[in-house]
Amino acid sequence: MGSMDGWHRIFTQNTIVPPHPLRARQLGKESTAFQCVLKWLDGPLIKQGILDMLSELECHLRVSLFDVTYKHFFGRTWKTVTKSSNQLSRQPPRIIFNEPFYFHTTLNHPNIVAVVEVVAEGRKRDGALQVLSCGFGILRIFGNKPESPTSAAQDKRLRLYHGTPRALLHPLLQDPIEQSKHMTLMENCSLQYTLKPHPPLEPAFHLLPENLLVSGLQLIPGLLPPHGDMGDALRKPRFQKPTTWHLDDIFFTLYPSLEKFEEELLELLISDHFREGVGLLDGGTLEVLERRLHVCVHNGLGFVHRPQVVVLVPEMDVALTRSASFSRRISASSKSSSGNQALVLRSRLRLPEMVSHPAFAIVFQLEYVFSSPSGADSSAGSSTSLSSLAGMHMVRWAVWNPELEATSGRVTLPLQGGIQHNPSRCLVYKVPSASMSSEEVKQVESGNIQFKFSLSPDIPTEHVSGPKTERCSFRKTPVSPSGEFPRADSSLQLASLSHQPCKVRAAGCSNESVSGLLIR
């Protein structure tokens, strides 16, 4: 029951590149919201030679966030609507956009900038599409004092430089980049814009990930469409009414059995520790300390709240301590999962942040906590004998996208694993090789999660978010995607760099860790 197609489509389209790891450690506590309106381009931006070679010529702007200190593009490139370049024939040449975009960030440092690129596209004589970079500008978001963002709301003029934003990666280009001898200004060319803080966006922080540039025309899951014909849902956000879901009788079944799964997991983890030169106590012994379940609502863009973290226990441990009725439910669950011992959650989960929207889903993440017991007391088996925490690793995850008309029922979901992209942006323990397996067998081999759900009859009177809503955070350091921008060849002159437009995109997890384990 339920489909993850709508959620997965929005999730993959809005994945962002994280900030540089060194910058991420300097995150502030408060995020600042901004509105930037790109108004119009002035000047002969497109050379006559390009005008002669291409037909159906159009123009748009692309905006990316850039860290000058670490030469690192991050976030995700945003683009305006495409405008016809016929306006260039008028005197003086001008292309009007008047398009706002919004974002919020905690990286309140003068070297965090927005790079605006002018891009032209047209048809060559053979009909093929040609896309060319026609110049770029460096938009300073924060002033010289890191604690104070630019607050002036009046129009400003952004100077444009020849080349492509890839030039900013060149090793010869040092800060302040605007004063570098390698940067060449475009004569009589500029972009008119306004940039100002936008406090009305603050109550929507839980629906909008940090450093994601979004258009006022883009509908954000969890927000209502705007009033009137303006089409700007972020000028003054209005919220969809949330509902409360309850989850009961949660069982995790792992392949081929819980005992075999954990036995192989420990063997591979110990092997990885030795291969990386990380010593373990007690002759390399490693034990499972806890099995944790992270549960959180995701709106396709990001987690809308901090996850609930609960402890799972093997079903037989629960059967010894719970009532006979619950033991019978455990027995029934075991039979339905081919007799495999399951991991069980003893309590009910309450999720008040759900919204009736195809992009809203509940994400389950199964995490194992490992310890290395001390040699002298390892046989004692008590928590006091655990001398060190050897690590925490996510081993499986799943997404449930409820049907909009669903109110109650039982769900069985296949667990996900391996190097495919996931909401936490980290590598996950491998799944069994399924090259010869049918789709039905693959659903079993990766394990599954079963639970009952019900929709609460009470209707909340207000949305659960607010300006002080805490953002979701994880202990794991996100794996930095590769391939956002190709490195500039230091032997090239900046002015002669390729005129291909830039685009920041987050690649999926493509690098496997040793033995298929998540390595942070």
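All residue numbers in this chain count up from 1 along the given sequence. Keep in mind that the numbers below use all heavy atoms, side chains included, and drop hydrogens, waters and symmetry copies.
Remark: side-chain polar atoms of Glu99 are paired, donor with acceptor, to backbone N or O of Val81 under 3.5 angstrom. Between the Asn299 side chain and the Pro221 main chain, a donor and an acceptor come within less than 3.5 Å of each other. For Arg76 (side chain) and Gln13 (main-chain N/O), a donor-acceptor pair under 3.5 Å exists by modelled atom type. Judged by distance alone, with hydrogens and angles left aside, the side-chain atoms of His198 form a donor-acceptor pair with the main-chain N or O of Arg235 at under 3.5 Å. Between the side chain of Lys156 and the backbone N or O of Leu139 there is no donor-acceptor pair closer than 3.5 Å.
Side-chain contact of Ser31 with His104: a donor-acceptor pair under 3.5 Å is present, judged by distance alone. Side-chain polar atoms of Ser424 and Gln365 form a donor-acceptor pair below 3.5 angstrom.
Look at Glu178 and Arg140 and you find a salt bridge, because one of the NZ, NE, NH1 or NH2 atoms lies within 4.0 Å of a carboxylate O, short of that distance.
When all heavy atoms of Phe73 and Val17 are compared, the closest pair comes out as O-CG1, 3.8 Å.
To the nearest 0.5 Å, atoms CG (Leu213) and OG1 (Thr77) are separated by 8.0 Å. Separating the CG atom in Leu129 from the CD atom in Glu58 is a distance of 9.0 Å, to the nearest 0.5 Å. Here CG of Asp42 is found 9.0 Å from CD1 of Ile96. Values are rounded to the nearest 0.5 Å. A distance of 9.5 Å separates OG1 in Thr32 from CD in Glu210, rounded to the nearest 0.5 Å.
Counting non-hydrogen atoms of other residues, nucleotides and ligands closer than 6.0 Å to CD of Glu187 gives a total of 12 or fewer.
Proximity of the aromatic rings of Phe453 and Trp400 is defined here by a centroid distance below 6.0 angstrom, and this criterion is met.
Using a 4.5 Å heavy-atom threshold, the side chains of Ile138 and Met183 count as touching.
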